[in-house]
Amino acid sequence: MSEPVAEQSAPTLEAVVAETTTDGFGLFTDRSVVAMRVDGELRDLAHRVEPGTRVEPVTIGSPDGLAILRHSAAHVLAQAVQSINPEAKLGIGPPVTDGFYYDFDVASPFTTDDFAALSKAMERIVRQGQRFIRRVVTEDEARAELASEPYKLELIGLKGAAADGADGESVEVGGAELTIYDNVDPKTGEVHWKDLCRGPHLPNTRMIGNGWALMRVAAAYWRGSEKNPQLQRIYGTAWPSKDELREYRSRLEEAAKRDHRKLGVELDLFSFPDEIGSGLSVFHPKGGIIRAEIENYMRQRLLENGYELVYSPHITKGQLFETSGHLQWYEEGMFPAMHLDEERDAEGNITKQGQNYYLKPMNCPFHNLIFRARGRSYRELPLRLAEFGTVYRYEKSGTLSGLTRVRGLTQDDAHIYVTPDQVKAEVASQLEFVLETLRGYGLDDFYLELSTKNPDKYVGEDDVWEQATETLREVATESGLELVADPGGAAFYGPKISVQARDAIGRTWQLSTVQLDFNQPERFELEYAASDGSRQRPIMIHRALLGSIERFFAILLEHYAGAFPAWLSPVQVVGIPVAEEYAPYLQEVIDRLRAQGVRAELDRSDDRMQKKIRNHTMQKVPYQLIAGEEDRAKGAVSFRFRDGTQVNGVPVDEVVARITGAISSRSAEL
RNA sequence: GCCCCGUUAGCUCAGCUGGUAGAGCAGCUGUCUUGUAAACAGCAGGUCGCAGGUUCGAAUCCUGUACGGGGCUCCA
């Protein structure tokens, strides 16, 4: 999830054209060059190039170079593991964002206690400067050499299919030919270790340097499938230098510091009481204010933009979700049914059929019923129904995480019913509305993702999909934002555009989605009367802007690291008298602010001034107003802002104007 | 759901190889309160997540369970 702010790029080195038959060592003397690109393919520096071939250098700091570094580090890890535990069977070991992992089948799982010994073994291998030597093998040779590695044998068997397989597998066997990399002792020429691998690799292990560390252990299913055995995975990180490793670690620390789960406790915003159940949150008063402000602003924006607000219940008879299809497709994601109203006689025979009621996992079916409650005319379209709908989903216990993934969540959900020729204009204005609203909450760095048809799983006509997808693509392109393709990522009922936002420390979150639905209008037999009097089927657009309010709350909390803009802050102003004597004077100032709707409090506790400043600074209150004799004499107060800066002797009128101005403008500036 | 790890006072944590718990902050009480990130003193607070088991004896070992964390899978 954490994107490095900027991958360190070494000075650009120019591509060269080989004059004689040579290799990368002959072409590039710069020590930051660790591999090269020949005809678009990444190659080891030892690869022979013919005269006239154009060769691009790959430096260790480039994205390709980092991946090679990390992949080489993964090999060293695997060698270290097998040196300590020769029984460990190898899975796969690819580079990933910020690091690498390697999977092993071992009798007893690793723990972080193993890291000291493993790191030491890795260090020894790195210092030996073992060379990575590439060797092409036939399938039979590979099978013979790797006879004791069942998972590698399986990969060899998969080789044909691996070209379009998962990334991790293609790292092992993705090339045109099968290759093994030998780790060779530079002094003795002895082969210490080998692995089936596509490469390329660093020329030798010494170049891994000391910018790496083992990070954590985890279990992972072989080839990503729950049906396969679980392997033990070790994650590591690797960087060109120790300094970059240190920077990476401080980025992790920064992210940990703004973790919403931690801030939620520190700022007393929300909790997950065990008594309620896993994934079910309660918002405390301070979190409640922030949430109410988020919702109020959203509601205001909805009303300004032609939405109508609706409400629907949390439970419903199962029939509704049979009509919508959710019970067929989504039942395992729903809380189980409550079976109600059944009656039996003394013999236990059913005298009255019961009903299954379900907690709703989605709001759309209810909105469809509102649409269908009476005849609809084309004149009413687009019809935009919006609701803060609380839904319940029985997420697998292992997937729950703070407020970002829960079992009870409130969607700012809306369903828009349009005629086919309104789709484009509506989607375009939705996108505009979405981006503008998100900017209002202080997020302004976006890109879009277009999820298109999964050919194995969809309903509806191909040409309708085609056309709708094209419409979404046009709208996305016209927005001018970066557009990323997500082929096959669409739900079965229609394509979608999603808005991805980058937060203050560069992480990206999927927020809003605008999703077309060709399926539910069918299933609910939704119709409107067209201008010629015929009955037509509307197209439905699902649109969630904040996604889930709980999750959006968490994203904002992390984005601002708890230091919300004034309009969202639970306590906006706190008054701190220099001594008790000035409390009544400050109280008047506080009262004036409260009269303007500002959440202002006077701190009359018997702590000293310095302590109060510390407390409210830690609570991230935007404005502290301090007053002593000097201020009282002038009818003024002293401002202390959250960042520690201050302005003394500000007249009270000015204070009120400045604070109310910052709040009503929803400014991020104080 | 699966694997590993964790759960001790409101919070952050200590408690070695089994001999029935400790600190700082927060809280309460008192004495204080003059200029920008921690006044001083005292008090109170825990059946060590819960339920079983082993043991003369369990916070400590074992089993189960709830909740949390890191991953895998999932996210229609």
Side-chain angles (χ1 to χ4, degrees), chain A residues 96 101 103 106 108-114 215-235 256 259 261-262 265-266 268 271-280 324-334 361-362 364 393-402 404-406 409 454 457 489-494 496 510 513 515 517 519 542 547-548 551 576-583 604-619 624-632 637-642 644-649:
Chain A
V96 292
Y101 66 79
D103 288 342
V106 282
S108 62
F110 300 104
T111 71
T112 45
D113 295 340
D114 299 323
M215 301 298 282
R216 63 176 73 96
V217 295
Y221 296 106
W222 168 239
R223 302 188 57 229
S225 168
E226 249 172 297
K227 296 180 190 78
N228 289 335
Q230 257 185 347
L231 305 183
Q232 296 302 315
R233 176 171 295 181
I234 295 179
Y235 279 95
D259 187 311
R261 293 166 298 197
K262 181 173 143 72
V265 174
E266 288 172 3
D268 194 14
S271 60
F272 288 88
D274 287 4
E275 292 83 345
I276 300 179
S278 188
L280 299 167
S324 68
H326 288 112
L327 273 174
Q328 289 92 305
W329 298 103
Y330 191 64
E331 187 169 8
E332 80 289 354
M334 294 168 64
M362 310 237 162
C364 15
R393 301 177 179 188
Y394 193 72
E395 303 288 356
K396 291 182 186 176
S397 59
T399 67
L400 301 172
S401 175
T404 56
R405 198 141 166 92
V406 291
L409 59 133
N454 175 350
K457 196 179 155 200
F492 69 91
Y493 50 81
K496 74 171 178 197
Q510 181 184 309
T513 56
Q515 165 115 44
D517 188 342
N519 186 237
H542 301 253
S548 119
R551 179 165 170 277
I576 301 174
V578 165
E580 230 168 68
E581 187 192 339
Y582 308 100
R604 300 196 75 149
S605 69
D606 55 9
D607 288 325
R608 284 169 149 68
M609 178 188 69
Q610 288 83 344
K611 179 67 171 294
K612 294 179 183 180
I613 289 172
R614 177 182 153 84
N615 285 157
H616 298 113
T617 304
M618 291 196 307
Q619 284 295 305
Q624 298 180 19
L625 300 181
I626 299 170
E629 185 53 45
E630 286 170 40
D631 299 289
R632 184 170 65 177
V637 297
S638 296
F639 260 111
R640 184 188 163 102
F641 299 98
R642 191 159 48 197
T645 59
Q646 55 200 19
V647 185
N648 293 340

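Hydrogens, waters and symmetry mates are skipped; everything else that's a heavy atom, side chains included, is used. Naming convention: chains lettered A, B, ... in sequence-line order (proteins, then strands); numbering from 1 in each chain.
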Checking all strands, does A:Gly333 fall into the base, sugar-phosphate, or nothing category for heavy-atom contacts under 4.0 angstrom? nothing
Protein-nucleotide distance (A:Phe272, atom CZ; B:rU7, atom C1'), rounded to Å: 17 Å
Who is the Watson-Crick or G-U wobble partner of B:rC40, with both distances under 3.5 Å? B:rG30
How long is the straight-line distance from CD1 of A:Ile626 back to CD of A:Gln646, given to the nearest 0.5 Å? 7.0 Å
For B:rG19 and B:rU60, measure between their P atoms and round to the nearest Å. 11 Å
Take the protein atom CD of A:Gln619 and the nucleotide atom P of B:rA26, then report the distance between them rounded to whole Å. 13 Å
Across nucleotides 30-35 of chain B, 5' to 3', mark each nucleotide with B, S or - according to how protein heavy atoms within less than 4.0 Å reach it. --BBBB
On the side chain of A:Gln230, is there an atom forming a donor-acceptor pair with the base of B:rC2 - under 3.5 Å, no angle test? yes
Position toward the 5' end of RNA chain B (nearest nucleotide), A:Phe110 or A:Gln624: A:Phe110
With sugar-phosphate meaning primed atoms plus P, OP1 and OP2, does A:Gly402 contact a base, only sugar-phosphate, or nothing at under 4.0 Å between heavy atoms? sugar-phosphate
When you compare B:rG52 with B:rA14, how far apart are their C1' atoms, in angstrom units rounded to a whole number? 29 Å
From the candidates B:rC3, B:rA38, B:rC74, the one with an atom nearest any side-chain atom of A:Arg405 is B:rC74
I want to verify a distance call: between B:rG70, B:rG1, B:rU36, whose nearest atom is closest to the A:Thr399 side chain? B:rG1
Would you find more than 12 non-hydrogen atoms of other residues, nucleotides or ligands less than 6.0 Å from A:Phe641 atom CZ? yes
Any strand: nucleotide that pairs with B:rG6 via Watson-Crick or wobble, under 3.5 Å: B:rC67
Considering every strand and a 4.0 Å limit on heavy-atom distances, what is the contact class for A:Gly279: base, sugar-phosphate, or nothing? sugar-phosphate
Nearest-0.5 Å distance, CH2 of residue A:Trp329 to CE of residue A:Met334: 15.0 Å
Distance in angstrom units between A:Glu332 CD and B:rC74 P, rounded: 12 Å
Under-4.0 Å side-chain N/O to phosphate OP1/OP2 contact, A:Ser278 with B:rG68: yes
Could you give the NZ-to-P distance, from A:Lys396 to B:rG1, as a whole number of Å? 9 Å
To the nearest Å, how far apart are A:Asp274 CG and B:rU65 P? 16 Å
With heavy atoms under 4.0 Å as the rule, sort A:Arg216 into base, sugar-phosphate or nothing. sugar-phosphate
Is there a side-chain polar atom (N or O) of A:Arg261 under 4.0 Å from OP1 or OP2 of B:rG69? yes
Quick one: are A:Arg604 and A:Pro577 in side-chain contact, heavy atoms under 4.5 Å? no
Against the side chain of A:Tyr221, the closest entry in B:rG70, B:rC72, B:rA39 is B:rC72
Rounded to the nearest angstrom, tell me the gap between atom CD in A:Glu266 and atom P in B:rA37. 20 Å
Check the distance between B:rG1's P and A:Lys227's NZ and give it to me in whole angstrom. 18 Å
Nearest-Å distance once atom C1' is located in both B:rG71 and B:rC62: 27 Å
Side chain proximity check, A:Leu625 to A:Phe639, heavy atoms < 4.5 angstrom: yes
Syn or anti: how is B:rU34 classified when any glycosidic angle within 90° of 0 counts as syn? syn
C1'-based separation of B:rA9 from B:rC48 [nearest Å]: 10 Å
Evaluate the side-chain hydrogen bond (donor to acceptor under 3.5 Å, both in side chains) criterion for residues A:Glu332 and A:Tyr394: first the C-alpha distance (whole Å), next the side-chain angles of each, then the deciding distance (0.1 Å), finally the verdict. CA-CA 7 Å; A:Glu332 80 289 354; A:Tyr394 193 72; over 6 Å; no
Identify the nucleotide, in any strand shown, that forms a Watson-Crick or G-U wobble pair with B:rA59, with both distances under 3.5 Å; if there is none, say none. none
Can you tell me how far C1' in B:rG15 sits from the matching atom in B:rU20, rounded to whole Å? 14 Å
Base, sugar-phosphate or nothing for A:His326? Non-hydrogen atoms, less than 4.0 Å. base
Measure the acute angle between the ring planes of A:His326 and A:Tyr330, then classify it against the limits of 30° and 60° as parallel, tilted or perpendicular. perpendicular
If you compare every side-chain N and O of A:Lys611 against the phosphate oxygens of B:rA26 (OP1, OP2), does one of them come in below 4.0 Å? yes
Would you classify A:Ala220 as touching base, sugar-phosphate or nothing, given that sugar-phosphate means primed atoms plus P, OP1 and OP2, and contacts are heavy atoms under 4.0 Å? sugar-phosphate
In sequence, state the C-alpha distance, the side-chain angles, and the governing distance for A:Thr617 and A:Gln624, and then conclude on side-chain hydrogen bond (donor to acceptor under 3.5 Å, both in side chains). CA-CA 8 Å; A:Thr617 304; A:Gln624 298 180 19; 3.1 Å; yes
Between B:rC72, B:rC67, B:rC4, which nucleotide has the shortest distance from any of its atoms to the side chain of A:Tyr235? B:rC72
Between B:rA58 and B:rA44, how far apart are the P atoms? Round to whole Å, please. 28 Å
What's the CG-P distance between A:Asn228 and B:rC3, to the nearest Å? 15 Å
Between the base of B:rG1 and the side chain of A:Tyr394, is there any donor-acceptor pair under 3.5 Å? no
Taking the C1' atom in each of B:rC50 and B:rA37, what is the distance between them to the nearest angstrom? 41 Å
